[in-house]
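Since this is a predicted model, take the numbers as computed values, not measurements.
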Amino acid sequence: MTQVNLYYHGGSRNHGCEAIIRSTNKILNVPLNLYSTSPKEDIFYGIDEVMNVKEDKIFEIYKPSLKYYISALNIKLFNSTVKNTLYRRPILLQNIQKNDIYMSVGGDNYCYAGIEQLSDINYIINKKGAKSVLWGCSINPDVINKDVIDDLKRYSMIITRESITYQALKDKGIIENVYLYPDPAFQLDKQEIDLPENFKENETIGINLSPLICDYEENSGQTMKNYGALIKHIIETTNYQIALVPHVVKEDSDDRKPLKILYDKFKQTNRVILIDDANCMQFKYLISKCKMFIGARTHATIAAYSTCVPTLVVGYSVKAKGIAKDIFGTYENYVLPVQSLREEHDLIKAYEWLSTNEKQIKTYLEAFIPEYCKKSLDAGKKVRELIK
C-alpha cells in the first residue's frame, strides 16, 4: 500500500505549519505519516490524533567516524552534500519505499537558506523510486538558478500557492509538473473558543507582529515604531479594542516577545488584549471575530482572508504579494512591505486606507472567498492521482 509522508515540518509551535498539516490531512483524506523535527510540539497540539507523527531527528556527524570521512570526501571531490544529508537524517531517508509519496510541506522553504538540503532530500527520494511533491509552496524568483531548476524538475508535482511563484517557474521552463492552487490553510477548520475578556466581536482590530519581519526592515527599529504609532492612533481615533495575536511561539522566533512590549506600553488604556497561545483552529476562530486584521505571519493573514476579515499584510516576501494579488487582482494597498517603512506613520496610512474601504473589502471577500477556498480541495485530487 502506498504510504503518504509529509516532511520538512519544524513543529506546531509555528501555527502556520500546524495549519498546513491539519489542512493537508483534510484535503487529502488519506492516512498520513508526518516526519517532524519537533514531534513533542505536534503531540502537544494534538496532531498525533489525526496522523502518525514520527521524529525526523537530525544527527551530527563527528570526526573521526567513517560517515564523516565519506561525507567530507563527497563534498571535496564532487561538491555533493547528498551523503551528508543522508547520514544526518536517517529516520526520514533510509527506509524510503518505491512508489511511496513524500510531500515537502514547508511552504516557503525555497525562500530561505538551506535549499541545498531540500535538494538533497528530493534527490534521495527520487533515487530510491519514490515520488516527491512540493506542496503549497512559494519560491523567491531570485533563487531559481540552474541547480534549483534541476532540483525542481525532479519533483513529480509542484503545487504553488500563488501566481507570482507559478509564473516565475513557468518563465524558467519548469512547466510540466507545476500547478496553481490556494494555500492548503484556506481549508483550515475553525474551533470555537470563549473570546477573551474585553474582546468585542466585530469591534476589535487584530494585530500580529513577528520578530522575523524586523530582520527584513531597512531602517532599524522602524517596525516597532510603526506598530506602536498605529495602536496609539486606533486608541485615540476609534472606540475599537485591539487584540495582539501571536501565531508563532517558537523559542527562536516568538511573536509574543514584540507583542508583549506593545502590550506593556498600552495596557493601562484597558483597550489592548494580549492573546494567549492556542492551536491554529482556535486562532482562526478568534481572528474571524475581528473587524479588521493587520498581520505579519502569512497563515495568520490567511485565517483572516478565509473568514472574510479585511486584512492588511505587513509582508517581506513574494508569498504575501502573490496571495493578495490572487485574491484582489493587485497587492497594492493590501500588502505593506516591511522594507518600505521609512516614517513612523507609514503603517497608519495603510491602516486608514483599509479602514476607509473596509465595508467594500468585506463584501468582496464574502463573494470571492468561498469559491477560492474550494480550489484548495482540487489540489488534493491532483495528489491522489499520484497515489493511484
Side-chain angles (χ1 to χ4, degrees), residues 13-16 18-19 45 188-211 213-214 223-249 254-314 336 344-345 347-348 350-359 361-362 365-366:
R13 290 180 73 86
N14 181 327
H15 293 297
E18 181 200 0
Y45 291 103
L188 182 68
D189 294 324
K190 300 193 295 284
Q191 182 180 334
E192 186 171 344
I193 55 172
D194 292 333
L195 294 174
E197 187 179 356
N198 293 329
F199 188 108
K200 296 179 182 177
E201 185 172 340
N202 203 38
E203 292 297 324
T204 297
I205 309 297
I207 291 180
N208 165 257
L209 170 60
S210 80
I213 64 165
C214 297
T223 303
M224 288 297 286
K225 286 180 184 177
N226 268 262
Y227 269 82
L230 174 63
I231 292 171
K232 184 172 183 287
H233 175 76
I234 294 171
I235 290 170
E236 290 178 348
T237 62
T238 76
N239 292 319
Y240 299 142
Q241 296 293 98
I242 297 164
L244 304 177
V245 185
H247 211 252
V248 174
V249 294
D254 193 335
D255 296 355
R256 293 173 298 185
K257 292 178 181 178
L259 291 176
K260 180 67 162 59
I261 293 171
L262 293 170
Y263 174 74
D264 287 342
K265 188 174 181 179
F266 295 102
K267 64 182 178 182
Q268 76 282 355
T269 66
N270 292 319
R271 298 273 299 281
V272 180
I273 310 155
L274 182 60
I275 303 300
D276 292 332
D277 188 27
N279 71 41
C280 62
M281 299 180 293
Q282 294 165 338
F283 274 129
K284 182 168 183 173
Y285 176 79
L286 184 141
I287 289 169
S288 75
K289 300 302 180 181
C290 293
K291 186 175 186 65
M292 291 178 280
F293 193 76
I294 296 96
R297 296 288 187 182
T298 298
H299 286 90
T301 62
I302 286 175
Y305 284 144
S306 60
T307 53
C308 303
V309 175
T311 300
L312 171 67
V313 182
V314 185
L336 178 64
E344 190 172 333
H345 295 92
L347 185 54
I348 291 175
Y351 161 80
E352 281 297 324
W353 185 90
L354 186 76
S355 181
T356 300
N357 294 279
E358 177 253 331
K359 287 185 173 60
I361 294 169
K362 190 169 186 68
L365 289 172
E366 287 172 344

Side chains of [X] and [Y] in contact at under 4.5 Å (non-hydrogen atoms):
{"X": "Y240", "Y": "K200", "result": "no"}
{"X": "K265", "Y": "I261", "result": "no"}
{"X": "K291", "Y": "T204", "result": "no"}
{"X": "Y351", "Y": "I294", "result": "yes"}
{"X": "L244", "Y": "L262", "result": "yes"}

Is it true that the side chains of [X] and [Y] contain a donor and an acceptor less than 3.5 Å apart?
{"X": "K289", "Y": "T307", "value": "no"}
{"X": "N226", "Y": "H345", "value": "no"}
{"X": "N239", "Y": "E203", "value": "no"}
{"X": "D255", "Y": "N208", "value": "yes"}

Check ion pair [X]-[Y] (N to O, under 4.0 angstrom):
{"X": "E344", "Y": "K225", "result": "no"}
{"X": "K362", "Y": "E358", "result": "no"}
{"X": "K267", "Y": "D264", "result": "yes"}

Supply the atom-to-atom distance [X] [atom1] to [Y] [atom2], rounded to the nearest 0.5 angstrom.
{"X": "L347", "Y": "I231", "atom1": "CG", "atom2": "CD1", "result": "9.5 Å"}
{"X": "I205", "Y": "S355", "atom1": "CD1", "atom2": "OG", "result": "7.0 Å"}
{"X": "Q241", "Y": "I234", "atom1": "CD", "atom2": "CD1", "result": "11.0 Å"}
{"X": "T311", "Y": "L354", "atom1": "OG1", "atom2": "CG", "result": "7.0 Å"}
{"X": "N279", "Y": "R13", "atom1": "CG", "atom2": "CZ", "result": "13.0 Å"}
{"X": "T269", "Y": "K232", "atom1": "OG1", "atom2": "NZ", "result": "12.0 Å"}

Please step through side-chain contact (heavy atoms from CB on, under 4.5 Å) for the pair D277 and R256, ending with a clear verdict. CA-CA 9 Å; D277 188 27; R256 293 173 298 185; 4.2 Å; yes
Any side-chain to backbone donor/acceptor pair from K284 onto Q191? Under 3.5 Å, distance only.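 No, the answer is negative, given that no donor and acceptor are paired below the 3.5 Å cut-off.
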A303 backbone acceptor or donor facing S306 side chain under 3.5 Å: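 Yes.
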Atom of [X], atom of [Y] and distance for their closest heavy-atom approach:
{"X": "C290", "Y": "F199", "value": "SG-CZ, 3.9 Å"}
{"X": "T238", "Y": "R271", "value": "O-NH2, 2.8 Å"}
{"X": "L259", "Y": "I207", "value": "CD2-O, 4.2 Å"}
{"X": "P258", "Y": "S210", "value": "CG-C, 4.4 Å"}
{"X": "P211", "Y": "D254", "value": "CG-O, 3.5 Å"}
{"X": "G16", "Y": "N14", "value": "N-OD1, 2.9 Å"}

Chi angles and distances behind the side-chain contact (heavy atoms from CB on, under 4.5 Å) call for E201, L195: CA-CA 8 Å; E201 185 172 340; L195 294 174; 4.3 Å; yes
Does the pair I287 and Y305 meet the rule for a side-chain contact (heavy atoms from CB on, under 4.5 Å), with working shown? CA-CA 10 Å; I287 289 169; Y305 284 144; over 6 Å; no
How far apart are the C-alpha atoms of R297 and L209, what are their side-chain angles, what is the distance that settles it, and do they pass the side-chain contact (heavy atoms from CB on, under 4.5 Å) test? CA-CA 7 Å; R297 296 288 187 182; L209 170 60; over 6 Å; no
Which class fits the ring pair H247 and F283: parallel under 30°, tilted 30 to 60°, perpendicular over 60°?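 Correct class here is tilted.
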Any residue meeting ring pair (Phe, Tyr, Trp, His ring centres under 6.0 Å) with Y263, in chain and number order, not counting sequence neighbours: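 Y263 satisfies ring pair (Phe, Tyr, Trp, His ring centres under 6.0 Å) with no other residue.
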Excluding sequence neighbours, so at least two apart, what forms ring pair (Phe, Tyr, Trp, His ring centres under 6.0 Å) with H299?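 Scan of H299 (ring pair (Phe, Tyr, Trp, His ring centres under 6.0 Å), adjacent residues dropped) gives none.
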